[in-house]
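Throughout, protein chains are lettered first and strands after them, A, B, ... in sequence-line order, and every chain is numbered starting at 1.
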Protein chains: 2
Amino acid sequence: MSAHSEHMNETAAPRDHACRVLVVDDEDALSDLLSMALRYEGWETRAEGDGTSALRTAREWRPDAVVLDVMLPDMDGLAVLGGLRRALPEVPVLFLTARDAVEDRIAGLTAGGDDYVTKPFSIEELVARLRGLLRRSGALSVRPESVLVVGDLTLDEESHEVARGGSEIELTATEFELLRYLMRNPRRVLSKAQILDRVWSYDFGGRANVVELYVSYLRRKIDAGRQPMIHTRRGAGYLIKAASGEHAGITARAGSLSPSGGLAGEDER
Amino acid sequence: MSAHSEHMNETAAPRDHACRVLVVDDEDALSDLLSMALRYEGWETRAEGDGTSALRTAREWRPDAVVLDVMLPDMDGLAVLGGLRRALPEVPVLFLTARDAVEDRIAGLTAGGDDYVTKPFSIEELVARLRGLLRRSGALSVRPESVLVVGDLTLDEESHEVARGGSEIELTATEFELLRYLMRNPRRVLSKAQILDRVWSYDFGGRANVVELYVSYLRRKIDAGRQPMIHTRRGAGYLIKAASGEHAGITARAGSLSPSGGLAGEDER
DNA sequence: AGGAATTCTCAGCGGATTCACAGGAATCCC
DNA sequence: GGGATTCCTGTGAATCCGCTGAGAATTCCT
């Protein structure tokens with residue numbers, strides 16, 4: 001909670017928030033989690049638990065994007081989609097679907113440019129997808145470049161390419177998500193708990209030790225031999241920053257700067 | 001610096017101006033899907049479910065193209081076509097017909113340079129056909145070249161010719177569509193679900209495994225022995241890009257330009 | 001109809017990935 | 001220094017994912 005303070009970022013953040021996101025899911029725990037994460041991202045949110053209210057809210061509140069669970073108590077997700085389209089033809093939709101239903105009725109959902117995420121997902125993934133949708137729909141005031149840059153390290157969210165000093169680095173899916181999270185919050189300490197909550201699926205039952213493991217993997221690939229960029233703050237967490245010797249805080253998001261950094265004044269656990 | 005590239009939308013939809021497309025179909029699900037896909041392509045759409053309203057909208061809204069299901073509840077496709085021609089003599093029409101429709105009748109309809117697609121179709125196919133119609137009718141402000149280029153790989157959407165490094169490559173229909181989709185989104189990871197939604201017909205019930213299969217076919221024909229251009233991002237999807245060693249991001253649509261690839265000063269890999 | 005080309009299912013292989021565990025290294029505190 | 005705490009990383013097991021061969025089903029061509 002804490003003051004949803006506006007923290008100074010290295011560059012003036014062009015407020016691409018103000019986006020409104022409607023979350024439609026009947027699991028309260030999940031939609032709370034999501035709302036919090038999205039609000040964190042700088043977006044406004046509303047949550048609804050059933051199709052009928054969702055449609056009402058959609059009409060009245062006119063969100064810029066919708067996160068829609070395809071399994072709803074009162075009406076089929078597809079029916080909700082139909083209503084949505086009629087009310088807000090342009091609004092992009094991010095579907096949530098159960099893992100095993102994947103093959104099922106996702107057909108055609110992404111054809112129009114919408115996207116989906118299978119449960120259980122990681123917040124990082126969901127937010128990234130949503131950001132992609134908003135970017136494409138033009139809802140973001142400034143269309144952000146898809147490349148994150150910290151020092152001589154770059155990460156392209158569209159091609160999933162990562163390179164340091166020009167040479168490409170191969171990462172696994174988890175490594176990629178972890179690095180993206182770190183790079184989205186350069187020079188900011190992230191606790192293992194935060195990382196776990198953000199990068200691993202919300203139902204992950206494992207030990208916090210995986211974070212150490214994956215940081216270790218990342219270091220091997222990214223800091224190998226060179227000036228280290230990933231640093232440990234014992235007892236607090238990890239952070240990434242341009243290697244000393246680099247130009248100061250060349251730590252920007254190529255086009256605009258993400259406010260997402262927004263983890264200002266976060267609390268640790 | 002160079003970083004300031006104007007970024008584009010997902011599908012290499014070259015923002016060819018806001019063409020207006022009228023969709024006439026009585027199946028809501030399908031016309032929703034279509035509207036969505038076309039809007040995504042950068043076009044404006046209106047949907048109507050019967051011939052009468054379709055004609056009214058055609059007269060008032062004056063679309064640049066019409067997608068017309070020949071099976072309508074109130075009037076025969078032929079009658080609608082007649083009305084259309086009277087109202088908008090020049091407008092190109094893309095017919096939707098059932099697979100087993102009487103072929104010669106359609107042949108008659110499309111005599112004027114119109115085109116048709118049989119249900120069930122893939123979004124890729126429909127969009128490509130429509131783009132062709134618009135291109136020919138001159139409705140597109142910038143007439144895009146019909147050749148997609150990525151590295152030394154070229155694909156001509158009109159002649160359906162594909163060549164790598166000058167030597168021609170024979171592809172089956174599905175392989176062609178898959179490659180076109182990849183090439184329209186160079187250097188962007190496309191998930192198997194996205195590919196399935198876009199390249200396979202909307203009613204395809206099969207497993208995502210076909211995508212792997214067809215990627216495998218494509219690789220045999222395109223990457224055979226040479227520097228691979230089709231890459232797997234395990235856990236994420238596939239992407240195509242110029243082989244390393246090629247000229248930088250010569251990854252353009254000959255006429256308009258496409259995403260990230262383009263500009264000089266990009267780093268190579 | 002007969003044969004060829006194409007599409008697709010199925011199943012198995014093999015390597016990549018994820019993760020638990022545990023011992024060792026670094027750091028902190030008294 | 002000594003012990004406690006925290007972090008790092010090698011090892012190995014279970015699992016997941018993608019690739020591909022074989023062949024059935026379908027469509028296309030003549």
Of all the nucleotides listed ([options]), which has the minimum atom distance to the side chain of [X]?
| X | options | answer |
| --- | --- | --- |
| A:Leu213 | D:dT9, D:dT5, D:dC19 | D:dT9 |
| B:Glu212 | D:dC8, C:dC8, D:dG18 | D:dG18 |
| B:Val210 | C:dC21, C:dT18, C:dT9 | C:dT9 |

Using a cut-off of 4.0 Å on non-hydrogen atoms, how would the nucleic acid contact of B:Tyr217 be classed: base, sugar-phosphate, or nothing?
->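 Result for B:Tyr217 = base.
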Worked verdict on A:Asp25 versus A:Leu96 for side-chain contact (heavy atoms from CB on, under 4.5 Å) | CA-CA 9 Å; A:Asp25 192 308; A:Leu96 304 183; 3.7 Å; yes
OP1 or OP2 of [N] versus the side-chain N and O atoms of [X]: is any pair under 4.0 Å?
| X | N | answer |
| --- | --- | --- |
| A:Trp200 | C:dT18 | no |
| A:Thr232 | D:dT6 | no |
| A:Ser216 | D:dT9 | yes |
| B:Tyr238 | D:dC19 | yes |
| A:Lys192 | D:dC7 | yes |

Give a yes or no on whether the ring-centroid distance for B:Tyr214 and B:Trp200 is below 6.0 angstrom.
->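 Ring-ring flag for B:Tyr214/B:Trp200: true, centres closer than 6.0 Å.
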Rounded to whole Å, please give me the gap between [atom1] in [X] and [atom2] in [N].
| X | N | atom1 | atom2 | value |
| --- | --- | --- | --- | --- |
| A:His231 | D:dC7 | NE2 | P | 16 Å |
| B:Glu170 | C:dT6 | CD | P | 9 Å |
| B:Lys221 | C:dA5 | NZ | C1' | 10 Å |
| A:Arg233 | C:dA26 | CZ | C1' | 15 Å |
| A:Ile230 | D:dT9 | CD1 | P | 11 Å |
| B:Asp223 | D:dC19 | CG | P | 12 Å |
| B:Phe204 | D:dT26 | CZ | P | 13 Å |
| B:Leu196 | C:dT7 | CG | P | 14 Å |

Hey, which of these two, B:Asn209 or A:Arg220, hits DNA chain D nearer its 5' end, going by closest nucleotide?
->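 Its nearest nucleotide being more 5', the pick is A:Arg220.
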If the plane angle is over 60° it's perpendicular, under 30° parallel, otherwise tilted; pick one for A:His160 and A:Phe176.
->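 It falls in the parallel class, under 30°.
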Given A:Leu182, A:Leu218, A:Asp152, the one that forms side-chain contact (heavy atoms from CB on, under 4.5 Å) with A:Met229 =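 Filter result, single survivor: A:Asp152.
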First encountered from the 5' end of DNA chain C, between A:Leu171 and A:Arg207 =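 Final value for this comparison: A:Leu171.
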Can a donor-acceptor pair under 3.5 Å be found between the side-chain atoms of B:Arg234 and the base atoms of D:dC17?
->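 Yes.
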Can you check side-chain hydrogen bond (donor to acceptor under 3.5 Å, both in side chains) on B:Asp156 and B:Ser146, steps first, answer last?
-> CA-CA 6 Å; B:Asp156 188 321; B:Ser146 66; 3.3 Å; yes
